[in-house]
Amino acid sequence: MQVSEHGHDSVGLWLHYARCHLRQGAFAKASAVHDRALRVLKEQLHSDFVTRYQEALRGDAAYEKSDVAISGALDLGLDAGVARQSELL
């Protein structure tokens, strides 16, 4: 209901919706929200939405890896416990 009523004007609403999916690791669903937001939002809000969505990806896509079991040697060239977004997609 919120999206249908405020979706044309509310970047924050779309970001909240996308972040819910990102936190659950549902990246395809978050991407679908991104696509839908760009179809529905007023064109002058697209830049703000894309910038803030990318910031959300950087923040929500990094996760703690200390409990991940990997057999064999693995060097990702990352700071301890940080994953790049490209590893998750």
Can you tell me how far apart [atom1] ([X]) and [atom2] ([Y]) are? Round to the nearest 0.5 Å.
X	Y	atom1	atom2	answer
K29	C20	NZ	SG	11.5 Å
L38	H46	CG	NE2	5.0 Å
L57	R19	CG	CZ	10.0 Å
R36	L41	CZ	CG	10.5 Å

So which of W14, Y17, Y53, F27 actually passes ring pair (Phe, Tyr, Trp, His ring centres under 6.0 Å) with H34?
Y53
What pair of heavy atoms forms the shortest contact from H8 to V40, and how long is it?
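Closest pair (atom of H8, atom of V40, distance): ND1-O, 2.9 Å.
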Minimum heavy-atom distance A18-A30, with the two atoms named:
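Closest approach of A18 to A30, heavy atoms only: O-CB, 3.9 Å.
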Start with the C-alpha distance between D35 and R39, add both sets of side-chain angles, then the distance that settles salt bridge (Lys or Arg N to Asp or Glu O under 4.0 Å), and finish with yes or no.
CA-CA 6 Å; D35 292 344; R39 286 193 309 271; 5.5 Å; no
Within a 6.0 Å radius of atom CD on E43, are there more than 12 heavy atoms belonging to other residues, nucleotides or ligands?
no
